[in-house]
Novice: 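So that we are looking at the same thing, I have put the structure below in structure tokens.
In what follows, every chain begins at residue 1, and chains take the letters A, B, ... in the order their sequences are listed. No hydrogens, no waters, no symmetry mates; every other heavy atom, side chains included, goes into these values. Remember, it's a predicted structure, so these values are computed and weren't measured experimentally.
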There are 2 protein chains.
Amino acid sequence: MNTQHVHDVREAGPDLASVARLLADGTRAGFCLALLDGRAWTATELARHLGVAPSTATEHLNALVRGNLLAEERQGRHRYVRLADPHVAELIESLAAMAPGRVPPPRSLSAAGRRQALAHARTCYDHLAGTVGVAITDAMTARGLLDWQHGLQLTGDGAAWLGALGITVPNGTRRPSVRSCLDWTERRPHLAGAVGAALCRHAFDAGWITRIGTTRAVAVTPAGRHALQAHLALPDTLLSRK
Amino acid sequence: MNTQHVHDVREAGPDLASVARLLADGTRAGFCLALLDGRAWTATELARHLGVAPSTATEHLNALVRGNLLAEERQGRHRYVRLADPHVAELIESLAAMAPGRVPPPRSLSAAGRRQALAHARTCYDHLAGTVGVAITDAMTARGLLDWQHGLQLTGDGAAWLGALGITVPNGTRRPSVRSCLDWTERRPHLAGAVGAALCRHAFDAGWITRIGTTRAVAVTPAGRHALQAHLALPDTLLSRK
DNA sequence: GTGACAGTTCGGCGCCTGCCGAAGTGTCCG
DNA sequence: CGGACACTTCGGCAGGCGCCGAACTGTCAC
């Protein structure tokens, strides 16, 4: 009824809803949040992590892969999935920044320990987050390597600093070189984008940080403490924290 | 069942799904897409535009307002809604960029005309889009006002160019000064962010462009043609198009 | 006041979707 | 080969959600 003046707006514009629907379910959103650590997880890992049956996980993963949010890789009897590309990670992050970020208190001692390790230093897709991630970002700002005056930008000094460390940033892509990403634990922005990713990669390659077990938490090594003090004058009290 | 090793991941992290759910419905997504023109619409306008009953529109709008995606303003018997802030617009845009942007051919002559006007020049939330928006962005790049080498950045020349035009860009906010926004019709990026918004505002204030009726389409005025030729050397053939 | 119109509330209908368990397929390993 | 394990497929159930029309409230114009 009432078809007279209806524009039928669906004539134009992209199908927002089909993408949003993929993230509109708690379980699927939980998968994506877990994959935000930038690593590939198996279907069973994700299922256990979210507390759903393997069959349920399979169906969700099918939908996410079909919607191009996740990329999959089959190895033997395992199905590894990861976020399809940095744009997806950024979409998840902006959605998360918009959501009422509830951070309820941990319910057990081991959970508290886990949370503390995560809060200290962790990967956020392909860059560094947590207290250390924010501290690095702050130090880079204080030393004039980053400029927040007109949105976040890398300064000339910043580019030189990266060069001196031997860090090269791919520039061919459409991806912004620097981007701010809201830190869930710190509630403050840390460095993301291509530069954030390159810096994180370098920190792993140079042995500044290592992953703690199979979690997304990372530990700063003695070499890393040394390097971060030398290059960014990060306070020792921060770095020596367990 | 199987509660032994389940992490109950919902212990941490923001509630992605609750936000995504708001955009996971075709009608609500259509509302947001319509509001992407940056103006405020009444509830009835949106209902007719999407072809749903007024009661249905009310419920959707309630949800979107409650979720802080939309802001409302009551005036007499009218309920005006608009996108809550630029961050919401950017979220919608990234979602749209991810979606399979289907642009089916128009079914009627008037629809074709409408589409053509929209494709030529229109507002996209608070900045310019369409052929003209993309052309401005390209010209600014060609003249060295924008730099895409390390992600999109405003150059020193660009800042000076804005200053010469008397355009001031607010810098207090967390919003990026320059940002690329994928153009639905051109399939190429155009300038968004705080600078894009300031430029668009200036174009309206200086009488370079005017809105066509009550649509999101805009027309370039003779004064605007003159200005865009003088400041950016845009080709006349582009600007004189109906 | 009276009528027109914008918006809201409510009950109810129907579909869609997420979940599971059971059974089946494919892979690895001894 | 045979068992363990990762994953998938397939009913079927249950809850959620979008939709409408009818009735109601509030505002404006005459």
Novice: Taking only N/O atoms, report every protein-nucleotides 9-16 of chain D pair under 3.5 Å with atom names and distance.
Specialist:
{"from": "dC10(D)", "atom 1": "N4", "to": "Glu59(A)", "atom 2": "OE2", "distance (Å)": "3.4"}

Novice: Any donor and acceptor pair, going by atom type alone, linking the side chain of Thr56(B) with main-chain N or O of Val52(B) inside 3.5 Å?
Specialist: no
Novice: Checking Ala97(B) now: which residues fulfil side chain to side chain contact (heavy atoms under 4.5 Å, CB included) with it, not counting sequence neighbours?
Specialist: Leu182(B)
Novice: Is Asp183(B) salt-bridged to Arg122(B), cutoff N-O under 4.0 Å?
Specialist: yes
Novice: So, using side chain to side chain contact (heavy atoms under 4.5 Å, CB included) as the criterion, who are the partners of Asp25(B) when residues are at least two apart?
Specialist: Thr27(B), Arg28(B), His60(B)
Novice: Got a salt bridge between Arg211(B) and Asp37(B), using NZ or NE/NH1/NH2 to carboxylate O under 4.0 Å?
Specialist: no
Novice: With sequence neighbours excluded, tell me which residues meet side chain to side chain contact (heavy atoms under 4.5 Å, CB included) with Cys200(A).
Specialist: Thr123(A), Leu128(A), Phe204(A)
Novice: Between C1' on dT17(C) and CG on Leu23(A), what's the gap in Å once rounded to a whole number?
Specialist: 16 Å
Novice: Less than 3.5 Å apart, any donor N or O on the side chain of Glu90(A) or Ser94(B) sitting next to an acceptor on the other?
Specialist: no
Novice: Run the side chain to side chain contact (heavy atoms under 4.5 Å, CB included) test against Arg74(B) and tell me which residues pass, sequence neighbours left out.
Specialist: Glu72(B), Arg79(B)
Novice: Separation of Leu22(B) atom CG from dC17(D) atom P, in whole Å?
Specialist: 11 Å
Novice: Taking CG from Leu64(A) and P from dT8(D), how many angstroms apart are they, rounded to a whole number?
Specialist: 13 Å
Novice: Where along residues 71-82 of chain B does a heavy atom fall under 4.0 Å from DNA chain D?
Specialist: Gly76(B), Arg77(B)
Novice: Measure from CG on Leu61(A) to P on dA6(D) and round the result to the nearest Å.
Specialist: 15 Å
Novice: CG of Asp25(A) versus P of dC20(C): gap in Å, rounded?
Specialist: 11 Å
Novice: Could you check how far CZ of Arg66(A) sits from C1' of dT17(C), rounded to whole Å?
Specialist: 13 Å
Novice: Expressed in angstrom and rounded to an integer, what is the separation of Arg48(B) atom CZ from dA6(C) atom C1'?
Specialist: 13 Å
